[in-house]
Amino acid sequence: MILLGQILIAFATLSLLAIGGANAVLPEMHRLLVDVHHWMDDATFTQLFALAQAAPGPNILAASVMGWHIAGPAGMMVATLGMLVPAACLAWIMAGLTIRLRGNTWMKPAQFGLVPIAVGLIAASGLIMAQATVTGWAALVIVIAATLFVWRTKYSPLWVLLAGGLVGLVLL
Amino acid sequence: MAESLSQQAAGPGQQAPSPSGVKAGRLPADQPQPAATTKVPGRLELFLGFAKIGALGFGGVGPWARHVIVEERQWLTEREYAEVLGMGQILPGPNVGNAAVMIGRGFHGLPGALLASAGLYIGPLCILIVLAMLYDAYGALPRVAPFMTGVAAAAAGMVIGMALKMGFNLKPPVQLVAVGLLAMGAAAWLRLPLPLIVVILAPLGIWISLRLARKPQP
């Protein structure tokens with residue numbers, strides 16, 4: 001019970017620090033789980049994070065896998081709620097503010113001022129992902145082909161993921 | 001779609017060019033009749049749409065969220081989605097998770113926010129439970145490395161492609177493009193912490209955008 005409380009507090013803290021998503025809190029998560037609480041060693045932390053990356057969904061769900069590893073299903077539940085609920089509450093409050101302020105003439109331009117940051121950071125995360133995966137020409141070709149496919153067509157991105165996997169099987 | 005067409009049928013050729021199209025850019029919460037091109041999802045549809053986003057979101061849910069919300073189901077326009085995502089980006093938590101709360105609230109209040117969030121996380125959580133059990137049992141990832149490397153490479157391209165698509169569809173003024181490129185460079189090359197980037201660039205972006213709005217655009 002004390003353990004579950006500790007897990008909850010640890011992940012709720014991380015939740016409020018996670019501006020930019022999971023990758024932003026990765027160092028702090030590592031510090032809390034490995035160095036402060038000694039819930040797992042370094043290698044386990046890295047493997048669990050990779051495990052969460054392999055699954056679909058927001059990368060923040062790495063918290064769920066970590067919680068499972070620390071304390072089983074109850075740990076997963078507590079970690080997931082701790083990670084999601086505080087941030088979701090802030091988003092709820094923010095949505096309420098925008099609805100209240102929507103009549104103001106300055107609201108739309110102010111909101112639009114944040115858009116380039118979102119798009120820029122998305123592009124950056126794509127570039128960082130590409131850097132991590134491109135080890136040879138085949139992977140580079142996949143990255144470029146997928147970029148063009150998603151940019152220039154309206155087809156479901158599923159095709160490009162599937163094709164990337166198949167090309168990977170043959171060439172990587 | 002047929003309904004919204006018949007509602008507009010009164011004035012053919014009067015595509016109601018709402019000046020600069022900006023006014024239409026808002027969450028359709030208290031807008032009963034559908035805005036220009038968007039559709040209001042029912043509660044079940046909201047849940048299922050976000051469930052699709054979550055379950056298919058290999059390599060991150062961002063491109064899927066945009067694909068489903070803007071292109072496939074047309075719940076929001078490109079600009080509306082970008083604005084919600086921009087807010088989701090500066091708040092803590094996953095940007096699409098925050099967008100789910102805000103979009104869900106916009107359409108259906110608290111039930112909408114809960115349904116959209118539940119949809120987004122339910123599929124991935126089930127898959128993660130299976131993966132966590134496999135990991136506990138075998139102590140390592142299943143060896144599907146070449147396939148997963150290919151998927152990861154494609155996912156990287158998918159994310160870059162989405163950013164390009166949004167950037168070109170939105171056509172922001174050049175000053176804001178510069179802010180976006182600064183954000184990208186700071187994160188991708190300088191590897192600065194994201195909270196720092198947001199704290200510095202968010203006020204800059206808002207200030208530029210407000211200044212541009214005050215002067216009439218040429």
Side-chain angles (χ1 to χ4, degrees), chain A residues 16-21 24 51 54-58 60-61 64-65 68 87-88 90-92 94-95 99 102 106 108-130 133 139 142-143 146-147 150-151 154 157-158 160-161 164-165 167-169 172, chain B residues 22 26 54-55 57-58 61-63 67 71 82-83 85-87 89-94 97-98 101-102 105 124 127-128 131-132 135 146-147 149-154 156-167 172 176 179-180 183-184 187-188 194-195 198 201 205-206 209-210 213:
Chain A
L16 292 175
L17 294 174
I19 294 175
L51 190 77
I60 207 86
L61 293 180
S64 315
V65 194
W68 177 287
L90 271 185
W92 171 266
M94 197 72 157
I99 290 170
R102 98 176 9 153
W106 52 266
K108 282 285 134 190
Q111 243 180 309
F112 195 67
L114 298 174
V115 168
I117 299 166
V119 177
L121 291 181
I122 290 165
S125 70
L127 290 172
I128 291 170
M129 287 164 71
T133 52
I142 297 177
V143 171
T147 301
V150 171
W151 177 23
K154 289 191 165 196
L158 191 61
V160 87
L161 291 184
V167 172
L169 269 186
L172 293 172
Chain B
V22 178
R26 59 183 42 172
F58 290 94
V61 287
H67 180 75
E71 284 181 6
E83 284 171 358
L85 198 68
M87 307 259 293
Q89 187 78 49
I90 63 156
L91 293 172
N98 292 330
V101 172
M102 294 191 261
R105 178 173 184 173
I127 292 169
L128 275 177
L131 285 178
Y135 182 85
F147 186 81
T149 309
V151 171
M158 181 171 85
V159 173
I160 300 171
M162 177 188 64
L164 285 170
K165 198 175 207 171
M166 290 183 79
L176 287 179
V179 173
M184 184 180 82
L194 294 196
V198 168
L201 288 186
I206 293 173
S209 190
L210 283 174

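Below, read A as the first sequence line, B as the second, and so on, with proteins coming before strands; counting in each chain starts at 1. Computed from a predicted structure; not experimentally measured. We use all heavy atoms of the structure for the numbers below, so side chains are in, but hydrogens, waters and symmetry mates are not.
- Contact annotation: the side chain of B:Glu83 approaches that of A:Val115 to within less than 4.5 Å [non-hydrogen atoms, C-beta and beyond].
- For a residue to count as touching a neighbouring chain, one of its non-hydrogen atoms must lie under 4.5 Å from one of that chain's; by this rule A:Leu158 touches chain B with backbone and side chain alike.
- Taking both residues in full, the closest heavy atoms of A:Ala87 and B:Gly93 are given as CB-CA, 3.9 Å, listed atom of the first, atom of the second, then distance.
- For the side-chain contact (heavy atoms from CB on, under 4.5 Å) test, residues two or more places apart in sequence or in another chain that qualify with B:Pro172 are A:Phe112, B:Leu170, B:Leu176, B:Val177.
- Separation of atoms NZ (A:Lys154) and NE2 (B:His67) is listed at 10.0 Å; rounding is to 0.5 Å.
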Which side-chain N or O atoms in residues 159-166 of chain B pair as donor and acceptor under 3.5 Å with protein atoms at least two apart or in another chain?
unit_1: B:Lys165; atom_1: NZ; unit_2: A:Val150; atom_2: O; d: 3.1
unit_1: B:Lys165; atom_1: NZ; unit_2: A:Thr153; atom_2: O; d: 2.6
unit_1: B:Lys165; atom_1: NZ; unit_2: B:Glu71; atom_2: OE2; d: 2.7

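- Side-chain atoms of B:Leu131 and A:Val65, non-hydrogen and from C-beta on, never get closer than 4.5 Å to each other.
- Atom-to-atom distance recorded for B:Leu85:CG and A:Gln111:CD is 11.5 Å, nearest 0.5 angstrom.
- Side-chain contact between B:Pro92 and A:Leu90: present, with at least one pair of heavy atoms (C-beta onward) separated by less than 4.5 Å.
- Counting heavy atoms from C-beta outward, B:Met184 and A:Leu121 have side chains that stay 4.5 Å or more apart.
- Heavy atoms of A:Trp68 lying under 4.5 Å from chain B belong exclusively to its side chain.
- Side-chain contact between B:Asn98 and A:Met94 is absent, with no heavy atoms from C-beta onward closer than 4.5 Å.
- Proximity of A:Ile117 to B:Val179: side-chain heavy atoms (C-beta onward) are separated by under 4.5 Å at one or more points.
- Contacts between A:Val167 and chain B at a heavy-atom distance below 4.5 Å are absent for every atom of the residue.
- Between A:Leu17 and B:Pro195 there is no side-chain heavy-atom pair separated by less than 4.5 Å.
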